[in-house]
Amino acid sequence: MNLPVLAGTLSTVLFALGMLPMLVKAARTRDLASYSLGNLVLSNVANAVHSIYVFNLPAGPIWVLHLAYIVASALMLAWWLRYREAGHEGPGADAGQLDGSAADIPAIHEGAQS
């Protein structure tokens, strides 16, 4: 294997591994509120257009990397749409439940007398 193909293979593996924590967290928590619909749609459109270029290159690590990007962006968009429509707020989410450090902060009500 020559150096450019070896570098492409190694970088593909590293980029794909770098996407896994995001995908695992999104699948586990179902919390995609920090992702914008516009960005997710644009990423999928860009991947579709970029596919014309990538798949006209000789088969190699770039194909695998691009497929990983296609799968990741498509999953994130599908999950964003699915979990938003389901109104899911994450595992164990409760309308009156606070999470993290916010649980220790007392609520301030306007007009309340102490």
Side-chain angles (χ1 to χ4, degrees):
M1 187 179 286
N2 62 21
L3 185 59
V5 175
L6 181 62
T9 301
L10 180 59
S11 67
T12 293
V13 169
L14 293 173
F15 279 121
L17 288 175
M19 287 186 283
L20 283 180
M22 171 189 67
L23 293 171
V24 168
K25 182 178 179 183
R28 184 178 47 82
T29 66
R30 298 179 179 182
D31 179 12
L32 282 86
S34 63
Y35 293 90
S36 89
L37 177 61
N39 178 266
L40 294 172
V41 169
L42 195 57
S43 293
N44 279 276
V45 170
N47 277 329
V49 172
H50 196 63
S51 293
I52 297 167
Y53 168 70
V54 170
F55 296 127
N56 278 294
L57 295 172
I62 192 70
W63 282 34
V64 177
L65 179 59
H66 189 62
L67 286 171
Y69 284 136
I70 289 171
V71 169
S73 63
L75 274 175
M76 293 298 285
L77 177 59
W79 288 341
W80 190 93
L81 293 170
R82 177 178 179 194
Y83 299 143
R84 177 190 59 90
E85 288 176 0
H88 188 72
E89 298 175 12
D94 199 15
Q97 179 182 358
L98 295 174
D99 55 339
S101 62
D104 298 330
I105 300 173
I108 298 173
H109 300 285
E110 278 188 50
Q113 299 290 328
S114 301

Ring centre gap for H66 and Y69 strictly below 6.0 Å: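 They do not qualify: ring centres at least 6.0 Å apart.
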Validation row: L77, L37 side chains within 4.5 angstrom (heavy atoms):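 With C-beta onward as the side chain, the pair touches.
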pair F55-L67: side-chain heavy atoms closer than 4.5 Å: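 Touching, per the 4.5 Å side-chain cut-off.
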Rounded to the nearest 0.5 Å, what's the gap from [atom1] on [X] to [atom2] on [Y]? Could you check?
| X | Y | atom1 | atom2 | result |
| --- | --- | --- | --- | --- |
| I70 | S43 | CD1 | OG | 12.0 Å |
| M19 | L65 | CE | CG | 6.5 Å |
| S11 | I62 | OG | CD1 | 7.5 Å |
| L32 | W79 | CG | CH2 | 8.0 Å |

Y53 and H50 aromatic ring geometry - parallel, tilted or perpendicular at 30°/60° bounds: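 It falls in the tilted class, 30° to 60°.
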Verify the cluster assignment for [X] and [Y]: are they in a single hydrophobic cluster under the rule of side-chain heavy atoms below 4.5 Å apart?
| X | Y | result |
| --- | --- | --- |
| L42 | Y35 | no |
| W63 | L10 | no |
| W80 | L23 | yes |
| Y83 | L81 | yes |
| L75 | L20 | no |

Minimum-distance pair of heavy atoms, taken over all atoms of L17 and P21: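 Result for this residue pair: O-CD, 3.1 Å.
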